[in-house]
There are 2 protein chains.
Amino acid sequence: MDKKTIQELIDRYVSVSFVVNKKAESLLKCQIGEDLTTDQHYILSYIQQSHECTSSELAEAFDVNKSAITAIINRIADRGLIERTRDENDRRVVYLTLSDKGKKLHQKTQEKVHLLVESFITQFDETEITNFINTYEKLALILTNMKKDEEGDNS
Amino acid sequence: MDKKTIQELIDRYVSVSFVVNKKAESLLKCQIGEDLTTDQHYILSYIQQSHECTSSELAEAFDVNKSAITAIINRIADRGLIERTRDENDRRVVYLTLSDKGKKLHQKTQEKVHLLVESFITQFDETEITNFINTYEKLALILTNMKKDEEGDNS
DNA sequence: GTGAATAGTTTAACAGTTTAACTAATTTTA
DNA sequence: TAAAATTAGTTAAACTGTTAAACTATTCAC
């Protein structure tokens with residue numbers, strides 16, 4: 001790739017990722033905003049999908065400090081959406097699980113998220129959107145590895 | 001597309017966009033976090049690229065209320081990075097421009113952002129990344145129109 | 001058994017957000 | 001043309017998410 005092409009691609013990427021992020025975030029908030037913040041929704045999704053979820057695991061997945069997770073967890077636990085149970089063998093560890101109320105609310109918001117994503121994904125033909133997501137997944141892998149390398153620097 | 005394919009694509013999209021957003025945000029913060037928050041950087045970028053930028057314009061571009069913009073603008077104006085000048089013809093309007101200090105700082109962070117984006121974009125071959133960005137831009141257009149339609153509902 | 005490491009919480013401070021009320025200026029309209 | 005409605009932007013209060021640093025409680029290593 002020549003320099004000029006690269007510069008153009010960089011500019012286009014920065015610009016388009018900004019717009020997509022802002023608009024998607026905003027549309028998502030319109031859908032689920034009365035029930036949950038988007039971060040709270042993602043936290044519930046993560047807890048539901050994992051078997052034994054801990055704060056440390058969430059902190060790593062969300063790329064934030066553990067205290068940020070504690071704050072979010074406190075808010076949704078106060079609303080009775082999740083439960084904390086201590087590990088019997090290692091009493092430092094706290095497992096997070098969804099309560100029935102949490103499961104119901106998450107299912108409701110999850111459906112809304114799916115409908116939203118469906119409404120724009122189905123505007124592409126199958127080949128185009130599949131190729132797009134394939135490349136997007138490669139990008140996710142690259143970024144995850146860059147992040148790991150960077151953390152490796154602190155050794 | 002059959003239902004099963006669509007469901008799978010939705011799940012993959014939700015998952016991968018989450019990971020990319022979190023990791024990219026986190027890498028970006030590592031690069032420019034000592035100088036500016038990412039939102040502040042994007043605000044400076046927007047002001048620099050536009051000729052006569054106002055708070056209302058920023059609020060629309062960032063999909064937030066005007067008071068959110070006022071708060072951000074206040075913080076970077078307190079640091080002497082931008083200047084406010086009132087329109088002579090319509091004295092309600094305030095134009096935002098970068099100060100010299102703001103321009104310099106923005107250039108510095110902009111370079112770091114470009115290097116970061118370059119470092120992962122150049123890991124793809126030209127055809128793949130170009131196709132990806134093309135589809136990404138279509139998506140941006142779709143989301144922008146969805147957002148507009150939704151606002152039209154309030155009529 | 002003592003010292004180091006680990007899991008999680010608390011606290012203080014800050015950035016970004018919304019809603020509602022507000023000021024000041026301009027436009028509409030009756 | 002004077003009153004009413006609209007527009008641009010700010011302020012204030014309340015909330016969510018974030019970090020850094022100090023802290024508790026527990027477990028691990030030697």
Side-chain angles (χ1 to χ4, degrees), chain A residues 18 21-22 25-30 32-44 46-47 52-79 81-96 154-155, chain B residues 18 21-22 25-30 32-44 46-47 52-79 81-96 154-155:
Chain A
F18 171 79
N21 286 171
K22 290 291 179 191
E25 180 79 10
S26 171
L27 286 162
L28 202 51
K29 194 187 281 184
C30 286
I32 69 170
E34 289 185 10
D35 295 312
L36 291 171
T37 67
T38 55
D39 279 313
Q40 287 168 355
H41 170 76
Y42 283 126
I43 292 274
L44 294 186
Y46 193 99
I47 294 175
E52 289 191 323
C53 182
T54 64
S55 282
S56 300
E57 203 181 328
L58 285 167
E60 195 174 346
F62 284 68
D63 253 316
V64 295
N65 287 0
K66 286 190 286 184
S67 55
I69 300 296
T70 300
I72 300 177
I73 294 295
N74 281 341
R75 280 179 211 114
I76 53 185
D78 287 349
R79 291 173 59 191
L81 302 177
I82 63 173
E83 279 150 17
R84 290 190 240 227
T85 52
R86 285 215 113 87
D87 184 321
E88 286 304 315
N89 296 328
D90 184 344
R91 300 193 47 74
R92 290 170 303 182
V93 177
V94 176
Y95 295 118
L96 304 168
N154 312 339
S155 62
Chain B
F18 171 80
N21 286 170
K22 291 292 179 188
E25 180 79 10
S26 171
L27 285 162
L28 202 51
K29 192 186 284 184
C30 285
I32 69 170
E34 288 185 13
D35 295 313
L36 291 171
T37 67
T38 57
D39 279 313
Q40 288 168 353
H41 170 75
Y42 283 127
I43 292 274
L44 293 186
Y46 194 99
I47 295 174
E52 289 191 324
C53 182
T54 64
S55 282
S56 302
E57 202 182 329
L58 285 168
E60 195 174 348
F62 284 68
D63 253 316
V64 295
N65 287 1
K66 285 190 287 185
S67 54
I69 300 296
T70 300
I72 300 176
I73 294 297
N74 281 340
R75 280 179 212 114
I76 53 185
D78 287 349
R79 291 173 58 191
L81 302 177
I82 62 172
E83 277 150 18
R84 291 189 238 228
T85 52
R86 285 215 113 88
D87 184 319
E88 286 303 315
N89 297 328
D90 185 344
R91 299 193 49 73
R92 291 170 303 181
V93 176
V94 177
Y95 295 118
L96 304 167
N154 312 339
S155 62

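Note on naming: letters A, B, ... go to the chains in the order of the sequence lines (proteins, then strands), and numbering restarts at 1 for each one.
- Atom P of nucleotide dT18(C) and atom CD of Glu25(A) are separated by 10 Å, given to the nearest angstrom.
- Using a 4.5 Å heavy-atom cutoff, the side chains of Ile73(A) and Arg84(A) are in contact.
- Distance check: Ile76(B) CD1 to Leu36(B) CG gives 8.0 Å after rounding to the nearest 0.5 Å.
- Of all non-hydrogen atoms in Asp39(B) and Lys22(A), the two that sit nearest each other are OD1-NZ, 3.2 Å.
- Each of Lys29(A) and Arg86(B) has a nearest nucleotide on DNA chain C; the 5'-most of these lies closest to Lys29(A).
- Residue whose closest nucleotide on DNA chain D sits further toward the 5' end, between Gln40(A) and Val94(B): Val94(B).
- Here the side chains of Leu58(A) and Cys53(A) are in contact, with some heavy-atom distance below 4.5 Å.
- Nucleic acid contact for Asp87(A): none, since no nucleic acid atom lies under 4.0 Å from a heavy atom of the residue.
- For dA15(C), one of the phosphate oxygens OP1 or OP2 lies less than 4.0 angstrom from a side-chain nitrogen or oxygen of Arg75(B).
- The nearest whole Å value for the distance from the CZ atom in Arg91(A) to the P atom in dT24(D) is 18 Å.
- Atom CG of Asp90(A) and atom C1' of dA29(D) are 15 Å apart (whole Å).
- Proximity note for Asp39(A) (side chain, C-beta onward) versus dG17(D), dG8(C), dA8(D): the nearest is dG17(D).
- Distance from the side chain of Ser55(A) is smallest to dT9(C) among dT9(C), dA15(C), dA8(D).
- Place Val93(B) and Glu88(A) on DNA chain D by their nearest nucleotides, and Val93(B) ends up nearer the 5' end.
- Atom CG in Asn89(B) sits roughly 12 Å away from atom C1' in dT26(C) (whole-Å rounding).
- Spacing between atom CG of Leu58(A) and atom C1' of dA7(C) amounts to 13 Å, rounded to whole angstrom units.
- Distances shorter than 4.0 Å separate some side-chain N or O of Thr37(A) from OP1 or OP2 on dG17(D).
- Using a 4.0 Å cut-off, no side-chain N or O of Ser67(B) falls inside it from OP1 or OP2 of dT17(C).
- Checking dT18(D), dA15(C), dT17(C) against the side-chain heavy atoms of Ala71(B) singles out dT17(C) as nearest.
- Comparing dG9(D), dT10(D), dT10(C) against the side chain of Thr54(B) picks out dG9(D) as the nearest.
- Spacing between atom NZ of Lys66(B) and atom P of dT7(D) amounts to 9 Å, rounded to whole angstrom units.
- Taking atom CG on Leu81(A) and atom P on dT16(D), their separation rounds to 12 Å, with Å as the unit.
- Residue Arg92(A) places no side-chain N or O under 4.0 Å from the OP1 or OP2 atom of dA5(C).
- Ring planes of Phe62(A) and Phe18(B): perpendicular class, angle over 60° (limits at 30 and 60°).
- Rounded to an integer number of Å, the gap from Ile69(A) CD1 to dT19(D) C1' is 13 Å.
- For the pair Ser56(A) and dG8(C), the criterion of a side-chain N or O lying under 4.0 Å from OP1 or OP2 is met.
- Distances shorter than 4.0 Å separate none of the side-chain N or O atoms of Asn74(A) from OP1 or OP2 on dT9(C).
- For the pair Asn65(A) (side chain) and Ala68(A) (backbone), a donor-acceptor distance under 3.5 Å is absent.
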